[in-house]
Protein chains: 2
Amino acid sequence: MNTKLDWGEMMDLNIPSFLRNQGIKASYQRIRIYEYLMNNRTHPTVAEIYNALITDIPSLSKTTVYNTLNLFVEKELVEEVTIEGSEMRYDIKDPEGHGHFKCTQCHRIFDVPVQIEKIFTDELSEFHVQAQFVHFVGICPDCLKKNS
Amino acid sequence: MNTKLDWGEMMDLNIPSFLRNQGIKASYQRIRIYEYLMNNRTHPTVAEIYNALITDIPSLSKTTVYNTLNLFVEKELVEEVTIEGSEMRYDIKDPEGHGHFKCTQCHRIFDVPVQIEKIFTDELSEFHVQAQFVHFVGICPDCLKKNS
DNA sequence: TCTAATTTTGTATTCATTACAAGTTTATCA
DNA sequence: TGATAAACTTGTAATGAATACAAAATTAGA
Ligand SMILES: [Mn+2]
Ligand SMILES: [Mn+2]
Ligand SMILES: [Zn+2]
Ligand SMILES: [Zn+2]
């Protein structure tokens, strides 16, 4: 039998120690917010995270959600998804990196694999690239099926 | 001698008729806002456009800048650049398409060529892609030089 | 346990964007 | 040309995401 855990499994099992490893105190609120992002890969907004957790954590403040997400972004555990003009969206940062697809019809945001290396050009060699983001906009397979 | 004008030259010469061709009434404000975007490829915010034009057009309202840009986006003359979380930025839409690089030090946003085709993957064939955006974040050549 | 540091919370504030209605300009037609 | 409607612009009010700030609560260290 295989006892080796992958990245996702490891953090699922022990979020508190993962957070501590990243130099973050594992408060109850932080654990629950991180856990929510792990289990809901839907690129939620602050409001969505808050509304999902408020029943379980009646004392939760929206400010805490903002503070926590900003901390996670700073520590590079979480990525801001700026695919919308209105509200910021958040996503667990995965080491490989992936792109996003926004469906104009159902408004869902999908993960899509992207070959990041291939988009680099000669011109970019002069720049020091620290992060890259690829966004697509269009109609998702589900909505295409419904339309036809 | 060559009398053929390219896309940029054509619109430089006659913005009003270009706008009318796109089904947009060529009001003075609209012409000046489009002209500003043509001459300032710096991905300006609404506030920047407004502040640049207010001395020439003392009656100008910020609402008009918003209305006009939203109209241009709708008619696909202009593209929203959602590289910042705070303010929307605007860019003349060019047929070939290009990526953007945000320098974390001088906060400028640069155009960078991108081979869009190369980022498509098999997974995406199920989606109907209408637009794609590539953003980089890092340090620009100027700032790299200053740092060293 | 006592004390300091950290975290959470609630409220007030900021500010980009939109909503709306009134004023102004432009187009249409007799 | 002059009247009338349509389109556009403007100013102000409203919305709402995000931050600032200070007090309350929790945690860590001595
Ligand atoms: Mn994602
Ligand atoms: Mn550009
Ligand atoms: Zn869809
Ligand atoms: Zn720079």
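So you know, we letter chains A, B, ... as the sequences are listed, proteins then strands, and number each from 1. Heavy atoms only: backbone and side chains are in, while hydrogens, waters and symmetry mates are out.
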Please report the distance, rounded to the nearest Å, between [atom1] in [X] and [atom2] in [N].
X       : N      : atom1 : atom2 : result
A:Asn70 : C:dT9  : CG    : P     : 16 Å
A:Leu60 : C:dT8  : CG    : P     : 9 Å
A:Glu87 : C:dA16 : CD    : P     : 17 Å
B:Arg30 : D:dT10 : CZ    : C1'   : 14 Å
B:Gln29 : C:dT24 : CD    : C1'   : 10 Å
B:Ile31 : D:dT9  : CD1   : P     : 10 Å
A:Ile49 : D:dA18 : CD1   : P     : 11 Å
A:Glu84 : C:dA16 : CD    : C1'   : 16 Å

>> Both A:Ile24 and B:Tyr66 contact DNA chain C. Taking the nearest nucleotide for each, which residue is further toward the 5' end?
In response: A:Ile24
> Which of parallel (below 30°), tilted (30 to 60°) and perpendicular (above 60°) describes B:His100 and B:His98?
Replying inline: perpendicular
> So B:Phe72 and B:Tyr34, would you call those rings parallel, tilted or perpendicular, with 30° and 60° as cut-offs?
Replying inline: perpendicular
> With sugar-phosphate meaning primed atoms plus P, OP1 and OP2, does B:Ser59 contact a base, only sugar-phosphate, or nothing at under 4.0 Å between heavy atoms?
Replying inline: sugar-phosphate
> So what does A:Lys62 touch, heavy atoms closer than 4.0 Å: a base, only the sugar-phosphate, or nothing?
Replying inline: nothing
> B:Tyr36 and B:Tyr90: ring-ring contact (aromatic ring centres under 6.0 Å, His included), yes or no, with the steps?
Replying inline: CA-CA 11 Å; B:Tyr36 182 84; B:Tyr90 295 88; over 10 Å; no
> Is there a donor and acceptor pair closer than 3.5 Å between the side chain of A:Ser27 and the base of D:dT27?
Replying inline: no
>> Quick check on DNA chain D: between A:Val46 and A:Asn67, whose nearest nucleotide comes earlier from the 5' end?
In response: A:Val46
> Between B:Thr63 and D:dT10, does any side-chain N or O lie under 4.0 Å from OP1 or OP2?
Replying inline: no
>> Can you tell me which nucleotide in C:dT6, C:dT8, C:dA16 comes closest to the side chain of A:Lys25?
In response: C:dT6
>> Using the side-chain heavy atoms of A:Thr64, tell me which of these nucleotides is nearest: C:dG10, C:dT8, D:dT9.
In response: C:dT8
>> Strictly below 4.0 Å, N to O, side chains only: are A:Asp111 and A:Arg41 in salt-bridge contact?
In response: no
> Would you say the side-chain atoms of B:Gln105 and B:Asn147 include a donor-acceptor pair closer than 3.5 Å?
Replying inline: yes
